[in-house]
Amino acid sequence: LFGLLPLVVAFSALRDKFGTPALRRWAWLILVASLAAALLQAAFTQYIHPIFRVMLVTVIYAGAYVYVALAQRAAEHRLQRGLLRNRLTVLFMMIALPVMITSVILTSVQARTLLQRSATRRLGAIAHLLVGGVSLREDFSVRNLQEVVRLAVTELGETGVIYIVDRDDRAVVDSRMDLTLIAEDSPVRDYSQSPPVQAIRRGQANQLLVFTDNEGIRWWGYPTALSGAGWIAVVQQQETVITQDMQRFATLSWIIIAAGGVILLSLGYFTVREAFLPIASLTETARAIVAGDSTRRAVVESEDEIGTLAEAFNAVTARLNELIANLETRVAERTREVERRAEYLSITGGLSRVVASILDVNTLLDRVAHLISERFGFYHTGIFLLDEAREWAVLQAVSSEGGQRMLARGHRLRVGEEGIVGYVSGSGRARIALDVDEDVVWIKNPDLPATRSEMALPLIFGQQILGVLDVQSEAAAAFGTEDIATLRILADQIAVAIRNAQLFAESQQTLRELQRSYAEEVQQGWALRQTPVIGYRYTPADTTPLTRAAAPMASPAPTVSAPYVDADNT
């Protein structure tokens, strides 16, 4: 049954139309393993010692079943539920119990075979002892046969049966009849239907025979023929007596399996539990970290793979905390940058409204200088404009006290030669000195002693440089990317505003000149109305009226008939 069951299971799996390729591979593996075990049991009995044969068969069966079990659990991930230590304990029992059961079953089979051989040898030895005793005495009398049977029964035991039948299959001596003399007028027990006697009559002598009598009792018998007389001697023993040792062995084996299973289960569970305590600690630490406790660390309790895993877990946790901290810092910095950008946009918008609303250049520049210092927190802001000869950059507006002193004395810098402002006004390119002490162009100004960083931006309208926006700070590296970008925009707006203000001033001057010229012409017209006009003088360039006071002296004109025309007639 043990060998037939896997064959049936494997055959059913191979016949299943809905089976997966993996299931078919496992079925073939079990089928091949079963056939190999059966072949080893049947064909190599004479060449391999029984102990080694049992071990080989056990290894074949256990290896096949263990491989299939592990492959199936690895393939079916949906079954991987529950605690890992419990699943490993079950897997350990799945591996150990089949091996133990297979070993016990194969050992029982082998023990039965050995017991059968031992019983055959024992029954055969008693039968040969009986035949030898009869042949040695060369006396086939009933008394002699009784004596020999009595000695043989002593070797066989109380449950054994020995009888001798003659050539007519009638009992001559029977140990169950207390070896009493069978008289001619006594009832004779007929053994013609006895399986051992029939086997002898068929020529099957000196072989173990297992049979069941009319009462349903199974016997192990060994028949042999007495030479020369045609008589038959049969030695038989009840199967229960012979196999009782085997039954005790089987019972003891199953008890050992049960006890061993309990012991293996307990040891396996506690061993796996002890081995998985660090993993349980790692799991608890991971859950705490997921819950938000990023300060938790795994306890490193060993130097094996689990200890290495705990160290790696701690390293990953530390790296994660570092990344989180850096991310928070970057988020805060990014937030500050966004807020600063929004502030710069607000500042730019406010300055743009101021620039657009002021048309007087001096008022515009003074207002812008103060607003830039206030909104950006700069130490000094100054605005320079180029003179008409474009030789000097003249300071026009400031926001600091030192700048007021410079403005009062008419501070100016030569274009392209003096300081950072001179450089920018000549080149038209911005210059930023994050540390003025290291800038070769920078010139120290006694009115601004606290300057540590300076930035000058050209005020350009079209292709023409109008001036320079100069900002200075008491801190080194005070200008960031957003500062530079915002001030560049403001510089462009200031340049446009300056040009608009200049154009407005020029238009106002032109308007005033036109008004003055118009007034002069009106006065001349009123003067002509008060002086009589006696004629007009025509020249290629102009026509002018002639009055009496302006008329030249000449000879009397001839008399004409035309009437006099004054200035009021046309």
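Under a 3.5 Å cut-off, the side chain of Ser373 and the backbone N or O of His370 do not form any donor-acceptor pair. Looking at Glu418, its side chain does come within 3.5 Å of a backbone N or O of Arg414 through a donor-acceptor pair. A donor-acceptor contact shorter than 3.5 Å is absent between the side chain of Asp366 and the backbone of Asn362. Of the possible donor and acceptor atoms, one in the side chain of Ser399 sits under 3.5 Å from a partner among the backbone N and O of Thr381.
For Lys444 and Asp437, the salt-bridge test fails: no basic side-chain N is under 4.0 Å from an acidic carboxylate O.
Evaluation of the salt bridge (Lys or Arg N to Asp or Glu O under 4.0 Å) rule for Arg488 yields no partner, not counting sequence neighbours. Taking Arg431 as the reference, Asp439 meet the salt bridge (Lys or Arg N to Asp or Glu O under 4.0 Å) condition, with sequence neighbours excluded.
Minimum heavy-atom separation, Ala393 to Val421: CB-CG1, 4.3 Å. Pairing each heavy atom of Val436 with each of Glu454, the nearest pair is CG1-N, 3.9 Å. In terms of heavy atoms, Ala497 sits closest to Leu364 at CB-CD2, 3.5 Å. The nearest pair of heavy atoms linking Ala491 to Leu457 is CB-CB, 4.1 Å. Shortest non-hydrogen contact noted between Asp470 and Ala456 is OD1-CB, 4.1 Å. The shortest heavy-atom contact between Pro458 and Arg429 is CD-C, 4.1 Å.
Interatomic distance, Leu490 CG to Gln493 CD, rounded to the nearest 0.5 Å: 5.5 Å. The CD1 atom of Ile432 sits 3.5 Å away from atom CD1 of Ile484, with the distance rounded to the nearest 0.5 Å. Once rounded to the nearest 0.5 Å, the distance linking CG of Leu469 with CG of Leu487 reads 6.5 Å. In this structure, the separation between CZ on Arg367 and CD1 on Ile383 is 12.0 Å, given to the nearest 0.5 Å. In this structure, Ile420 CD1 and Ser425 OG are separated by 12.0 Å, a value rounded to the nearest 0.5 Å. Rounding to the nearest 0.5 Å gives a distance of 7.0 Å between CG of Leu466 and CZ of Arg499.
Within the structure, salt bridge (charged side-chain N to carboxylate O under 4.0 Å, His left out) pairs that include any residue of residues 379-394 do not occur (at least two apart or interchain). Listed by first and then second residue, the ring pair (Phe, Tyr, Trp, His ring centres under 6.0 Å) pairs that reach into residues 463-486 are Phe378-Phe479, sequence neighbours excluded. Residue pairs meeting the ring pair (Phe, Tyr, Trp, His ring centres under 6.0 Å) criterion with at least one member in residues 413-437: none, sequence neighbours excluded. Each ring pair (Phe, Tyr, Trp, His ring centres under 6.0 Å) pair with one or both residues in residues 445-464, not counting sequence neighbours, would appear here, but there are none.
Shown here is Glu374, whose CD atom has more than 12 heavy atoms of other residues, nucleotides or ligands within 6.0 Å. Crowding of Arg330 atom CZ: a count of heavy atoms from other residues, nucleotides or ligands under 6.0 Å not exceeding 12.
Using a 4.5 Å cut-off on side-chain heavy atoms (C-beta onward), Ile465 and Leu459 make no contact. The side-chain heavy atoms of Ser400 and Leu448, taken from C-beta on, include a pair separated by under 4.5 Å. The side-chain heavy atoms of Phe384 and Val394, taken from C-beta on, include no pair separated by under 4.5 Å. The shortest side-chain heavy-atom distance between Phe376 and Val471 does not fall under the 4.5 Å cut-off.
With Asp447 as reference, Arg409 is the one residue of His380, Arg409, His411 to meet the side-chain hydrogen bond (donor to acceptor under 3.5 Å, both in side chains) rule.
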CA sep, side-chain torsions, deciding dist, call: Tyr379, Thr451, side-chain contact (heavy atoms from CB on, under 4.5 Å): CA-CA 8 Å; Tyr379 164 61; Thr451 300; 3.5 Å; yes
